[in-house]
Number of protein chains: 2
Amino acid sequence: MTEQRGPDRGSTGDPEGGGPGEPAHGRAAGRGADRGRVVPEATVARLAVYLRVVTVLGGQGAATVSSDELAAAAGVNPAKLRKDLSFLGSYGTRGVGYDVHLLVEEISRVLGVTRHRNVVLVGVGNLGRALAGYGGFASQGFTIAALFDADSARVGEKINGLAVQDMSVLAASCRTAKVTIGMIATPAEAGQQVCDQLIAAGVTCILNFAPIVLSVPDGVDVRKVDLAGELQILSFHERRKSAGLEEVG
Amino acid sequence: MTEQRGPDRGSTGDPEGGGPGEPAHGRAAGRGADRGRVVPEATVARLAVYLRVVTVLGGQGAATVSSDELAAAAGVNPAKLRKDLSFLGSYGTRGVGYDVHLLVEEISRVLGVTRHRNVVLVGVGNLGRALAGYGGFASQGFTIAALFDADSARVGEKINGLAVQDMSVLAASCRTAKVTIGMIATPAEAGQQVCDQLIAAGVTCILNFAPIVLSVPDGVDVRKVDLAGELQILSFHERRKSAGLEEVG
DNA sequence: AACGGCTTGTGAAGACTTGCACAAAGTCGG
DNA sequence: CCGACTTTGTGCAAGTCTTCACAAGCCGTT
């Protein structure tokens, strides 16, 4: 069992396996367009931001964009942006900037979102229902192909035109639709079991909204969205700002 | 305007201000219980996880817990956990472990969640509605004190017993309830304007669900939850695993 | 064709984070 | 009271990430 890949940092997720010097990803050395480079985890997380920003710029009719402009729009340091993009290859033109359309294509390619991807969602409670109806997934190339819930009272219910299915057909459904990404929006108690079922169904990437730490075998990536945790982190900063005005002892 | 503090890393968020060597937080040197230390951003993010895990352990009746057990439950390296906890002070007993109850208290104190905190939520669309009804906030000490929406058709609607209010009363409401944490769950277009209004109302910490990069003045912390972005990161890893089986050129 | 201006791509330095390994310190049985 | 055992707290080394600064390269003008 490896530890999960948290959203806060991009650890190797293999604390007992290889040494700390091992790069985060198997090196795809020599594969032309990737320039034989390994893309750092921190860069991958930012590529998603760049993709969104540059897509908007493209929609506004911009043909090229400089690293300074793009960095400002993405809220990062220009040098960092250039280095991030350099991992994809040399797609900028010195003296001019980056071709907006080309950049969208290349980032999409590296992120693997050139085609729509199917995902499944398990747990259609309060949060799951919102995720099922969230328009932001479709606009970024993700289609929720199936919904599942362990509660038989919810099975059959239609959400956003998609019927909630019983957990018993999860494996078959995932394999048919070739789904490799699953989202868990169940209560904490059910999270690990659902996770195991997803993996048994062939899912290798999991986005976890349940407030638990999932155990997964090697080769499975987990990212966690911890809503209350985010507030706690903000709370820390808030407390820091008010510098000891409360609970001095 | 500083860049925002993203969920992926804990940057200083002040690229033009002080030098890069400046620690992330003003040092509260000499304040007894804090041992004069600065808590690294990466540690803060993990404290939220530890708090949840150790709370569960406490509920199961455990009196003490060793760093190995706690680290396994939190999915991190034991040495990292011990170093993280050492920033709070020496609250473990060598040869025994950590007192569960004391640990809950100390982590809560550092995170500033010893008392309930009020937060406001702007935008009660699909996602906002789910957040308003999400039980995970209350269980971690956060109360959604007020809901707001720019759409007058939604104003007055009751969600989870709380009425949606008009944006015009946001400032007054925030000041009355002493709210310093705001959540933005609006469409992208409205995000920046809502952000500005929240800051004008005295909010200094923002949790942003809108898919945009917010510009905020110094002293305001922003964390972003990018749902589609998370899927894109997973998509990258998925593509990496299937190693060039698609689009070789 | 050469020049000046602008912007990318990257080497190098520095800051931050991680994880090992072990000294320090406490408990428990005798 | 002592010695063996357990576990914390941390110095240190290694790795990752960020940022600066500048050489390399492209475009338009002369």
Side-chain angles (χ1 to χ4, degrees), chain A residues 3 6 8-25 35 37-46 63-72 74-99 102-103 106, chain B residues 3 5-6 8-25 35 37-46 63-72 75-99 102-103 106:
Chain A
E3 75 181 45
D8 52 326
R9 281 219 67 256
S11 70
T12 302
D14 190 1
E16 36 203 37
E22 188 182 11
H25 320 125
R35 302 188 67 198
R37 301 255 191 114
V38 169
V39 184
E41 187 68 21
T43 293
V44 174
R46 284 188 296 267
T64 62
V65 61
S66 73
S67 63
D68 276 24
E69 294 168 329
L70 194 48
V76 302
N77 181 294
K80 179 153 59 177
L81 180 133
R82 288 200 298 273
K83 187 153 284 188
D84 282 343
L85 294 184
S86 77
F87 285 110
L88 320 189
S90 284
Y91 294 112
T93 305
R94 298 176 193 226
V96 177
Y98 297 92
D99 180 288
L102 184 59
L103 210 47
E106 289 305 320
Chain B
E3 74 182 49
R5 187 186 309 272
D8 51 327
R9 282 216 68 255
S11 71
T12 303
D14 190 0
E16 37 205 37
E22 189 182 10
H25 322 124
R35 302 187 66 197
R37 301 254 192 116
V38 169
V39 183
E41 188 67 22
T43 293
V44 175
R46 283 189 296 267
T64 63
V65 61
S66 71
S67 63
D68 276 24
E69 294 167 329
L70 194 49
V76 302
N77 181 294
K80 178 153 58 178
L81 180 134
R82 288 200 297 274
K83 190 157 285 188
D84 282 342
L85 293 184
S86 78
F87 286 109
L88 319 189
S90 284
Y91 294 112
T93 305
R94 298 176 192 226
V96 177
Y98 297 92
D99 182 287
L102 184 60
L103 210 47
E106 289 305 321

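Proteins come first, then strands; the chains are lettered A, B, ... in the order of their sequence lines, and each starts at number 1. Reckoned from all heavy atoms, side chains included, excluding hydrogens, waters and symmetry mates.
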Length of the line joining [X]:[atom1] and [N]:[atom2], which is rounded to integer Å:
X: B:Lys80; N: D:dT16; atom1: NZ; atom2: C1'; result: 12 Å
X: A:Glu41; N: D:dT18; atom1: CD; atom2: P; result: 12 Å
X: B:Asp84; N: C:dC16; atom1: CG; atom2: P; result: 16 Å
X: B:Tyr98; N: D:dT6; atom1: OH; atom2: P; result: 18 Å
X: A:Leu70; N: C:dT7; atom1: CG; atom2: C1'; result: 13 Å
X: A:Leu81; N: C:dT7; atom1: CG; atom2: C1'; result: 13 Å
X: B:Phe87; N: D:dG9; atom1: CZ; atom2: C1'; result: 11 Å
X: B:Leu85; N: D:dT8; atom1: CG; atom2: P; result: 9 Å

message: By nearest heavy atom, map B:Val65 and A:Val96 onto DNA chain D; which one lands nearer the 5' end?
response: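 So the residue in question is B:Val65.
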
- line: Note: for B:Gly97 and A:Thr93 on DNA chain D, the residue whose nearest nucleotide lies more 5' is B:Gly97

field: Polar contact flag, side-chain donor to acceptor under 3.5 angstrom, B:Asp84-B:Thr43
entry: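 On atom types as modelled, these side chains qualify, holding a pair under 3.5 Å.
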
When you measure from the side chain of [X], which nucleotide among [options] comes out closest?
X: B:Ser86; options: D:dG9, C:dT17, C:dG19; result: D:dG9
X: B:Ser66; options: C:dT10, D:dT7, D:dG9; result: D:dT7
X: A:Arg82; options: D:dT8, C:dT18, D:dC22; result: D:dC22

Protein-nucleotides 11-13 of chain C N/O pairs under 3.5 Å:
residue	atom	partner	partner atom	Å
C:dG11	O6	A:Lys83	NZ	3.1
C:dA12	N6	A:Lys83	NZ	3.0

message: Nearest 0.5 angstrom please: B:Asp99 CG to B:Tyr91 OH, how far?
response: 12.0 Å

- prompt: At what distance, to the nearest 0.5 angstrom, does OG of B:Ser90 lie from CD of B:Glu106?
  reply: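 One gets 11.0 Å once the value is rounded to the nearest 0.5 Å.
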
Quick one: which protein N/O atoms are closer than 3.5 Å to N/O atoms of nucleotides 28-30 of chain C? Pair and distance per line, please.
none

Taking 4.0 Å as the cut-off, does a side-chain nitrogen or oxygen of [X] come that near to OP1 or OP2 on [N]?
X: A:Arg46; N: D:dT18; answer: yes
X: B:Tyr91; N: D:dT7; answer: no
X: B:Asn77; N: C:dC20; answer: yes
X: B:Ser67; N: D:dT7; answer: no

query: Does the side chain of B:Thr64 reach to within under 4.5 Å of the side chain of B:Glu69, using non-hydrogen atoms?
result: no

field: Set of residues satisfying side-chain contact (heavy atoms from CB on, under 4.5 Å) with respect to B:Ala63, sequence neighbours excluded
entry: none

task: Using the test side-chain contact (heavy atoms from CB on, under 4.5 Å), find all partners of A:Ala71 that sit at least two apart in sequence or belong to another chain.
output: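 Result, side-chain contact (heavy atoms from CB on, under 4.5 Å) vs A:Ala71: A:Val76, A:Pro78, A:Leu81.
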
Dump every N/O contact between nucleotides 2-5 of chain C and the protein below 3.5 Å, one line per pair.
none

Taking all heavy atoms of [X] and all of [Y], pick out the closest pair and write down the distance.
X: A:Leu85; Y: A:Leu70; value: CD1-CD2, 4.4 Å
X: A:Ala79; Y: A:Asn77; value: N-OD1, 2.7 Å
X: A:Tyr98; Y: A:Ser67; value: CE1-CB, 4.0 Å
X: A:Lys83; Y: A:Ser86; value: O-OG, 2.7 Å

